[in-house]
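Here is the structure we will look at.
No hydrogens, no waters, no symmetry mates; every other heavy atom, side chains included, goes into these values.
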Number of protein chains: 4
Amino acid sequence: MTAPRGLRADARRNRERVLEAAESVFGEQGASASTEEVARRAGVGIGTVFRHFPTKEALYEAIVVRRLTRLVAEAPAGSDDPRVAFEAFFTRLVEEAAAKKAFADTMAVLSLDVKATAPAVGEEIRRMIGALLEAAQTAGALREDVALPEIMVLLAGACLAAEHTPDPALRKKSLALLFDGLRAGQ
Amino acid sequence: MTAPRGLRADARRNRERVLEAAESVFGEQGASASTEEVARRAGVGIGTVFRHFPTKEALYEAIVVRRLTRLVAEAPAGSDDPRVAFEAFFTRLVEEAAAKKAFADTMAVLSLDVKATAPAVGEEIRRMIGALLEAAQTAGALREDVALPEIMVLLAGACLAAEHTPDPALRKKSLALLFDGLRAGQ
Amino acid sequence: MTAPRGLRADARRNRERVLEAAESVFGEQGASASTEEVARRAGVGIGTVFRHFPTKEALYEAIVVRRLTRLVAEAPAGSDDPRVAFEAFFTRLVEEAAAKKAFADTMAVLSLDVKATAPAVGEEIRRMIGALLEAAQTAGALREDVALPEIMVLLAGACLAAEHTPDPALRKKSLALLFDGLRAGQ
Amino acid sequence: MTAPRGLRADARRNRERVLEAAESVFGEQGASASTEEVARRAGVGIGTVFRHFPTKEALYEAIVVRRLTRLVAEAPAGSDDPRVAFEAFFTRLVEEAAAKKAFADTMAVLSLDVKATAPAVGEEIRRMIGALLEAAQTAGALREDVALPEIMVLLAGACLAAEHTPDPALRKKSLALLFDGLRAGQ
DNA sequence: GATGAATGAGACTTCATTCAT
DNA sequence: TATGAATGAAGTCTCATTCAT
């Protein structure tokens, strides 16, 4: 789990503050931001950061997991139209990637190796997207010959590209093309 | 442009070796690889690298330009079918990105700010892709309502995603979906 | 000011050792001595030096301030004779410059731009010398038409020259001439 | 000698250009200017600089000698009044030091170790200043109890201080005090 | 002799990580 | 447990000097 139980209350609070800070720092400056900056923004000593996360990489992974966990939690507010639901979720992730550095990376990781890090969350979110996909397919709104893996790849690509695409209109247009390729009846 | 004329033969040879080394080093380890590693692999002193490229960034930009230049030079062997030609070129770039780290980044830069670095090459390759696009559109094989900017975004995204997608079949499948979205008559 | 209060005991100790080392290193080799040498002589890692002084220049400035602060602290043991007091202090600075490289530079800086670095200390010592000057003038032992700025210039020059004058007798003779020019009743 | 005889005409010309460049470069940027900058301004290759002067230090010494030589050549345009002649020459050196970096250093070297470098020129200029001094003393315009060594020290100090004293009026005032100390009949 | 490319030691600085307090 | 000072490897870049052309 994200927040180990065996921790004293204050320790758990600190861990949370570090994650919060890390997310904002990495979100602004990318993964190359310094650990010290994270500690500073969290208002804790650098030692505290390393007590909770043995390496910088571990901290980074933790915020990946955290982001994914949150995505699962704030599950797609089910639209009635399955296609809309699917596309809305997809779009939301892309926009998040455009707004926050290193988020696209998080999504890229999803197609790759969350397994190694946090199998559970990775699986969960994958299952979630899978469900949205299937629902849309069942409703006849998405091609039947599309499976989750390629969706994940497209999603990752869209997020990564969004990070380099400041113009919202252009992001929207590109996404539209992408969705067109997924639509049924071609 | 890549290899200035006024250079002595041996200097030009060394410059070439440095670029070669840089391309392979960055290709393997990404842009964060050390300049020292580049020098080592080129078999020259670190000072030689910095004589030719005053900054690490300058070196990196040089290999970006070099890659683009090479892409232009090895222009798409014109297939008779404009759609095939377009997709073949697109695919080739994606495969290159899958093989070499930091190449995707090169492509991403194309959608963004080659202008600042090497306006000429950037424009050239953009024009090239634009020509392929138009030809396919004229032939009625690609949607008319698609313009270069969004193509560049999709290309960048595909390349970036490919970097994280080791499975060639998966890359192919994803690309196919992308192409479907671009096809005419939807 | 030199040693911030908020520092842990060990940190303050280290900071002191670094300053001590810097003073001796710069004193022997001049301002071009390497920071690494300072670290070595202080018996700390190079990182420690840079933690306390973010820049080599900052370190150098710190020892300038330190020297001045010490000069103020070890204020001229008030002689009864104002002229003697003035000349004694002047002489002492010159002798210090003869013994330690880069000290003359410190004095030169006094005529110039301590303002930028450490306005407080600079002003303090300037006031101090000004007081000695005035006292001597009031006592009728120094010309009335001499003001602080030219005294500072003479002082800087004497210190700088002393750095190149190993012979103490020669330094003394030169200083004597200088004092003669300052004496009243010409 | 400054310009060795056994040199081909073009070589001697090059040597001259290097010296010229070195003097202006060091004059502007001080002794820490780079040798490459000297070569650039001389319009020769860096190799040429090192062919004529085996080390940077040798080059630096050469321009010291050159300056001194020139001082001797442009000997003090004998004023009728020996005191005026002496002070004019002194002042001229100080003003030169104020205008050109590293010139003061040249003067400082005079009190010190030209012997090692260029005994001849050093001696010559020392003799020259000595002559001015004696003439003034003979005319009863300068104290009898002053000898050349202390004059050299005062001169060096004045030059070094001038380098840090941008205000001409302040330089003048300081010099005047200095001259007062040298005047006879105190 | 002239050139300028190559060299590589060394300078400053950053930062993940460790450890004494 | 928390702190933040200490560490030192590693990185980028400069520059005096050498040497092949």
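Remark: D/Asn14 pairs with no residue by the side-chain hydrogen bond (donor to acceptor under 3.5 Å, both in side chains) rule, at least two apart or across chains. Here A/Glu23 pairs with A/Arg66, A/Arg67, A/Arg70 under the salt bridge (Lys or Arg N to Asp or Glu O under 4.0 Å) rule; sequence neighbours left out. Residues satisfying the salt bridge (Lys or Arg N to Asp or Glu O under 4.0 Å) test with B/Arg13, not counting sequence neighbours, are none. For A/Lys100, the side-chain hydrogen bond (donor to acceptor under 3.5 Å, both in side chains) partners are A/Glu96, not counting sequence neighbours. Residues meeting the salt bridge (Lys or Arg N to Asp or Glu O under 4.0 Å) test with D/Arg17, sequence neighbours left out: none. Judged as a salt bridge (Lys or Arg N to Asp or Glu O under 4.0 Å), and not counting sequence neighbours, D/Arg51 has no contacts. Considering only residues two or more places apart in sequence or on other chains, B/Glu57 meets the side chain to side chain contact (heavy atoms under 4.5 Å, CB included) condition with B/Thr55, B/Glu61.
Between the CZ atom of A/Arg15 and the P atom of F/dT1 there is a distance of 13 Å, given to the nearest Å. Atom pair D/Arg12:CZ and E/dA2:C1' shows a separation of 17 Å (rounding to whole Å applied). Taking atom OH on B/Tyr60 and atom C1' on F/dC13, their separation rounds to 20 Å, with Å as the unit. One can place CD of C/Gln29 at 14 Å from C1' of E/dA11, the figure rounded to the nearest angstrom. In this structure, B/Arg40 places its CZ atom 19 Å from P of E/dA6, rounding to the nearest Å.
The side chain of D/Thr48 places an N or O atom within less than 4.0 Å of a non-bridging phosphate oxygen (OP1 or OP2) of E/dT3. Taking side-chain N and O atoms only, D/His52 has no distance below 4.0 Å to OP1 or OP2 of E/dG1. OP1 and OP2 of E/dA5 both lie 4.0 Å or more from every side-chain N or O belonging to B/Asn14.
Helical stems involving DNA chain F, defined as 3 or more consecutive Watson-Crick or G-U pairs under 3.5 Å, span E:2-21 with F:2-21.
Put simply, the side chain of B/Met107 does not reach to within 4.5 Å of the side chain of B/Glu163, judged on heavy atoms.
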Exercise for review: Using a 4.0 Å heavy-atom cut-off, write out nucleotides 12-21 of chain E from 5' to 3' as B (base contacted by protein), S (sugar-phosphate only) or - (no contact).
Suggested key: SBB-SBB---
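Nearest heavy atom pair, residue B/Ala102 against residue B/Ala31, reads CB-N, 4.2 Å.
Of the listed nucleotides (E/dG1, F/dA2, E/dA6), F/dA2 has the atom at the smallest distance from the side chain of A/Arg51.
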